2 protein chains.
Amino acid sequence: MPPDKRIVFEQPCPIRDVLDRIGDQWSLLVLETLRGGTKRFNVLLREIGDISKQMLARTLRRLEQDGFVARTVFPEVPPRVEYTLTDLGRSFLEPMQALVFWADIHHQAIVAARQRYDQVIAPGGH
Amino acid sequence: MPPDKRIVFEQPCPIRDVLDRIGDQWSLLVLETLRGGTKRFNVLLREIGDISKQMLARTLRRLEQDGFVARTVFPEVPPRVEYTLTDLGRSFLEPMQALVFWADIHHQAIVAARQRYDQVIAPGGH
DNA sequence: AATATCGGTCTCCAATTTAGACCATGTCAT
DNA sequence: ATGACATGGTCTAAATTGGAGACCGATATT
């Protein structure tokens with residue numbers, strides 16, 4: 001993202017600003033995974049399954065930056081780093097929950113729409 | 001996305017499947033823009049402002065595919081193509097609205113968190 | 001010794017996104 | 001008649017982003 005894509009009229013547009021952050025491949029998924037409680041880096045990595053270390057590290061750093069998660073380092077060997085939702089992060093789970101419910105309820109409709117599209121529109125093309 | 005990243009245990013995981021679609025740079029923004037009613041391609045392009053033609057076209061095609069928006073072509077010259085939310089698309093606006101409200105309410109907290117991060121954590125590094 | 005754990009970072013390569021040219025067609029002003 | 005403009009895209013080349021896997025330092029385990 002260019003440094004100030006989210007700036008409109010000299011002020012950040014809240015919606016754009018927030019959507020730009022959580023609207024990526026992984027943020028929502030990480031947040032959803034942390035709903036289950038404090039977790040270590042490698043636990044997140046394994047639970048999510050198909051995220052790369054690099055992207056998990058980046059996503060967590062941005063979520064930390066924006067105050068959604070807190071990062072705690074334990075100076076042990078081997079190192080231990082725990083990630084946990086902040087109050088802000090937890091408050092975000094509520095609207096997100098609504099989205100997850102919606103997804104559950106309407107998933108079939110989406111799958112059906114895809115099939116219709118593949119059969120009716122795709123062969124002829126636009 | 002590899003063709004079947006969203007397939008888990010031989011069945012699509014609804015949450016992953018839906019989040020993978022709407023969780024991209026542009027889908028939520030396009031949907032939010034269409035909340036205002038039926039719009040033509042170039043109107044969307046101008047209202048969103050910093051999306052490229054190609055990405056708008058792609059995003060709209062996927063939203064159409066998944067049944068969120070309907071596409072109507074008027075065989076005029078110059079061509080006219082209108083995009084409008086379907087019932088499914090409109091039903092999605094409700095949980096999304098919750099997200100938008102949340103963003104409005106908590107935007108300041110996020111901005112504050114960023115400043116804290118920049119001042120406290122960034123200089124020392126991790 | 002070797003090997004594994006842990007939380008990353010780094011490099012290299014593949015995939016995605018962007019900017020911008022281009023297209024066909026018809027209307028409007030010169 | 002000629003040129004500019006509008007529309008809804010698509011195509012290409014260049015820039016950005018993402019993934020796979022090597023690597024690290026310190027210690028415990030085999």
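If you're wondering where the values come from, they're calculated on a predicted model, not measured in any experiment. Quick note on labels: first sequence line is chain A, next is B, and so on, each numbered from 1.
- In this entry the distance linking CZ of R21(A) with C1' of dT17(D) reads 15 Å, nearest Å.
- The phosphate of dG18(D) has OP1 or OP2 within less than 4.0 Å of a side-chain N or O from R58(A).
- Comparing D24(A) and E82(B) by the nucleotide of DNA chain D whose heavy atom lies nearest to each, the residue mapping closer to the 5' end is E82(B).
- Using a 4.0 Å heavy-atom distance criterion, V77(A) is classed as a base contact.
- Ring-plane geometry between F41(B) and Y83(B) is classed as tilted, the angle between the planes lying from 30 to 60 degrees on a 0 to 90 degree scale.
- Here dG8(C) is the nucleotide among dG8(C), dT17(C), dG8(D) with the atom lying nearest to any side-chain atom of V81(A).
- Within the 4.0 Å cut-off from OP1 or OP2 of dG19(D), at least one side-chain nitrogen or oxygen of W26(A) is found.
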Only distances under 3.5 Å count here; give the side-chain donor-acceptor pairs of residues 32-39 of chain A to other protein atoms, sequence neighbours excluded, each with its distance to 0.1 Å.
from	atom 1	to	atom 2	distance (Å)
E32(A)	OE1	R35(A)	NH2	3.4
E32(A)	OE2	R35(A)	NE	3.3
T33(A)	OG1	L29(A)	O	2.7
R35(A)	NH2	Q97(A)	OE1	3.1
T38(A)	OG1	T84(A)	OG1	2.7
K39(A)	NZ	T33(A)	O	3.0
K39(A)	NZ	E47(A)	OE1	3.1

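- The nearest whole Å value for the distance from the CZ atom in R46(B) to the C1' atom in dT7(D) is 10 Å.
- Between V69(A) and the options T59(A), V30(A), L88(A), L31(A), a side-chain contact (heavy atoms from CB on, under 4.5 Å) holds for only L31(A).
- Residue contacts shown for E76(A) are absent, as no nucleic acid heavy atom lies under 4.0 Å away.
- An OP1 or OP2 oxygen of dG8(C) is reached within less than 4.0 angstrom by no side-chain nitrogen or oxygen of R80(A).
- For V43(B) and Q54(B), each mapped to the nucleotide of DNA chain D holding its nearest heavy atom, the one lying further toward the 5' end belongs to V43(B).
- Atom CE of M55(B) and atom C1' of dA15(D) are 15 Å apart (whole Å).
- At whole-Å resolution of the value, CD1 in I51(B) and P in dA19(C) are 10 Å apart.
- Atom CG in L56(B) sits about 10 Å away from atom P in dG8(D), given to the nearest Å.
- Taking atom OH of Y83(B) as the reference point, atom P of dT7(D) lies 14 Å away to the nearest angstrom.
- Comparing atom distances between the P79(A) side chain and each of dT7(D), dG25(D), dT18(C) picks out dG25(D) as nearest.
- Put simply, CD on E64(B) is 14 Å from C1' on dG9(D), counting in whole angstrom units.
- Checking dG8(C), dT7(D), dG19(D) against the side-chain heavy atoms of P78(B) singles out dT7(D) as nearest.
- R90(A) approaches L85(A) most closely through the heavy-atom pair NH1-O, 2.9 Å.
- Atom P of nucleotide dT18(C) and atom CD of Q25(B) are separated by 7 Å, given to the nearest angstrom.
- Nearer to the 5' terminus of DNA chain C, by closest-nucleotide assignment, is the contact made by L60(A) (compared with the other of L60(A) and K53(B)).
- Salt-bridge formation is not detected for the pair D24(A)/R58(A): no Lys NZ or Arg NE/NH1/NH2 atom is positioned less than 4.0 Å from an Asp or Glu carboxylate oxygen.
- In this structure, the nucleotide among dG8(D), dG19(D), dG8(C) sitting nearest to the side chain of S52(A) is dG19(D).
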